[in-house]
Amino acid sequence: MGYKNEDGSVGTKNILGITTTVQCVQGVVNVAVERIRNELLPKYKNVDAVVALNHLYGCGVAIHGDNSEIPIRAIRNLSKNPNFGGQMLTVSLGCEKLVPTLLFPEIKDENLVVLQECFGFDKMIDEIMKRAEKNLKS
């Protein structure tokens, strides 16, 4: 039957995707994804899964160098998978070269968590979970 998205695309699954702008946030994201699976997903039967889209890019790279558009395009295109329903949550460290707006020019604040704006590991996880639940509800 599928899930019709606001942009007209149709997904066959309803998945919450969480992507990163830099590899050094993936440990925090992985912990948050596991907690979301265990604590939040059981409350949202219409959502099939939550996945982290981690990558090894973003920090200290020649962001405008030769062929830099290739990994940026790959991350952006993976994030546009119709199964994510246009509700991609993005986690940034805050000091990386691959800034969120370079990946997603139209990113909205409610879909972005900047870890350097959260003070302490627990606050980071709490903020990701809060934003994730907001997306799960919509």
Side-chain angles (χ1 to χ4, degrees):
M1 299 294 293
Y3 294 89
K4 188 161 183 151
N5 300 316
E6 288 180 16
D7 67 0
S9 65
V10 178
T12 58
K13 299 254 183 205
N14 187 6
I15 299 172
L16 173 62
I18 302 177
T19 193
T20 61
T21 58
V22 64
Q23 74 275 14
C24 52
V25 301
Q26 73 182 14
V28 173
V29 169
N30 291 342
V31 170
V33 164
E34 191 61 31
R35 286 203 42 206
I36 293 165
R37 277 188 192 123
N38 294 329
E39 298 172 30
L40 297 179
L41 277 187
K43 298 190 310 189
Y44 299 94
K45 300 297 184 195
N46 63 317
V47 180
D48 298 299
V50 58
V51 297
L53 295 178
N54 294 320
H55 57 86
L56 300 174
Y57 198 68
C59 183
V61 297
I63 208 67
H64 298 293
D66 291 342
N67 298 317
S68 63
E69 73 280 358
I70 295 169
I72 293 169
R73 185 178 60 224
I75 296 163
R76 186 180 297 134
N77 287 341
L78 282 169
S79 299
K80 290 180 180 177
N81 184 303
N83 291 327
F84 297 136
Q87 296 292 323
M88 181 63 63
L89 183 60
T90 302
V91 179
S92 164
L93 183 58
C95 61
E96 64 273 26
K97 302 253 187 216
L98 182 57
V99 295
T101 54
L102 188 56
L103 265 180
F104 308 111
E106 293 93 29
I107 194 166
K108 298 175 184 165
D109 286 343
E110 63 264 16
N111 289 326
L112 175 64
V113 176
V114 180
L115 296 185
Q116 288 180 344
E117 295 174 1
C118 305
F119 301 104
F121 182 79
D122 290 339
K123 297 284 187 196
M124 294 174 186
I125 299 297
D126 290 346
E127 188 62 27
I128 294 170
M129 290 188 67
K130 180 177 88 175
R131 303 285 177 98
E133 185 153 33
K134 190 173 188 178
N135 283 348
L136 290 168
K137 286 179 181 177
S138 59

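Position 1 is the first residue of the sequence, and the numbers go up from there.
A continuous path of hydrophobic side-chain contacts links Ile15 to Leu53 [ILVMFWY only; heavy atoms under 4.5 Å]. Note on Val10: it does not cluster hydrophobically with Phe84, by side-chain heavy-atom contacts below 4.5 Å among ILVMFWY residues. Under a hydrophobic-cluster definition in which Ile, Leu, Val, Met, Phe, Trp and Tyr are linked whenever side-chain heavy atoms come within less than 4.5 Å, directly or via other members, Met129 and Val47 are assigned to the same cluster. When hydrophobic clusters are built by joining Ile, Leu, Val, Met, Phe, Trp and Tyr residues whose side-chain heavy atoms come closer than 4.5 Å, directly or via intermediates, Val29 is grouped together with Val113. Under a hydrophobic-cluster definition in which Ile, Leu, Val, Met, Phe, Trp and Tyr are linked whenever side-chain heavy atoms come within less than 4.5 Å, directly or via other members, Tyr57 and Val28 are assigned to different clusters.
Taking NZ from Lys130 and NZ from Lys123, the interatomic distance works out to 10.0 Å, rounded to the nearest 0.5 Å. In this structure, NZ on Lys45 lies 14.0 Å from CG on Asn14, to the nearest 0.5 angstrom. Separating the OH atom in Tyr44 from the CD1 atom in Ile36 is a distance of 11.0 Å, to the nearest 0.5 Å. Rounding to the nearest 0.5 angstrom, the gap separating the SG atom in Cys59 from the NZ atom in Lys97 is 8.5 Å. Atom CG of Leu136 and atom CG of Leu40 lie 6.0 Å apart (nearest 0.5 Å). To the nearest 0.5 Å, atom CG of residue Asn30 and atom CZ of residue Arg35 are 14.0 Å apart.
Between Leu78 and Ile75 there is no side-chain heavy-atom pair separated by less than 4.5 Å. Inter-residue side-chain proximity for Phe104 and Thr19 is flagged as met; some heavy-atom pair is nearer than 4.5 Å. No side-chain heavy atom of Thr21 sits under 4.5 Å from any side-chain heavy atom of Val91.
The 12-atom threshold is exceeded at CG of Asn46, counting heavy atoms of other residues, nucleotides or ligands nearer than 6.0 Å. When the shell of 6.0 Å around CG of Asn77 is examined, it contains more than 12 heavy atoms from other residues, nucleotides or ligands.
The shortest heavy-atom contact between Ser92 and Leu112 is CB-CD1, 4.0 Å. Of all heavy-atom pairs between Cys24 and Leu93, the closest is SG-CD2, 3.5 Å. Taking each heavy atom of His55 and Leu98 in turn, the nearest pair found is CE1-CD2, 4.3 Å. For the residue pair Ile63 and Ser68, the shortest heavy atom distance occurs at O-OG, 2.8 Å. Among all heavy-atom pairs drawn from Met88 and Gly17, the shortest one is SD-O, 3.1 Å. Here the shortest heavy-atom pairing between Gly58 and Val22 reads C-CG2, 3.8 Å.
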- Item | Test log, rule side-chain contact (heavy atoms from CB on, under 4.5 Å), inputs Val50 and Leu41 | CA-CA 8 Å; Val50 58; Leu41 277 187; 3.9 Å; yes
- Message: Applying side-chain contact (heavy atoms from CB on, under 4.5 Å) to Ile128 and Leu115, what does each step give before you reach the verdict?
- Response: CA-CA 9 Å; Ile128 294 170; Leu115 296 185; 4.2 Å; yes
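Arg37 contributes no side-chain N or O that, together with a main-chain N or O of Ala32, makes up a donor-acceptor pair within less than 3.5 Å. No donor-acceptor pair closer than 3.5 Å links the side chain of Asn5 to the backbone N or O of Asp7. Remark: side-chain polar atoms of Asn111 are not paired, donor with acceptor, to backbone N or O of Ile107 under 3.5 angstrom. Listed for the Arg131 side chain is no donor-acceptor partner under 3.5 Å among the backbone atoms of Leu89. The backbone N or O of Gly94 sits less than 3.5 Å from a side-chain atom of Glu96, completing a donor-acceptor pair.
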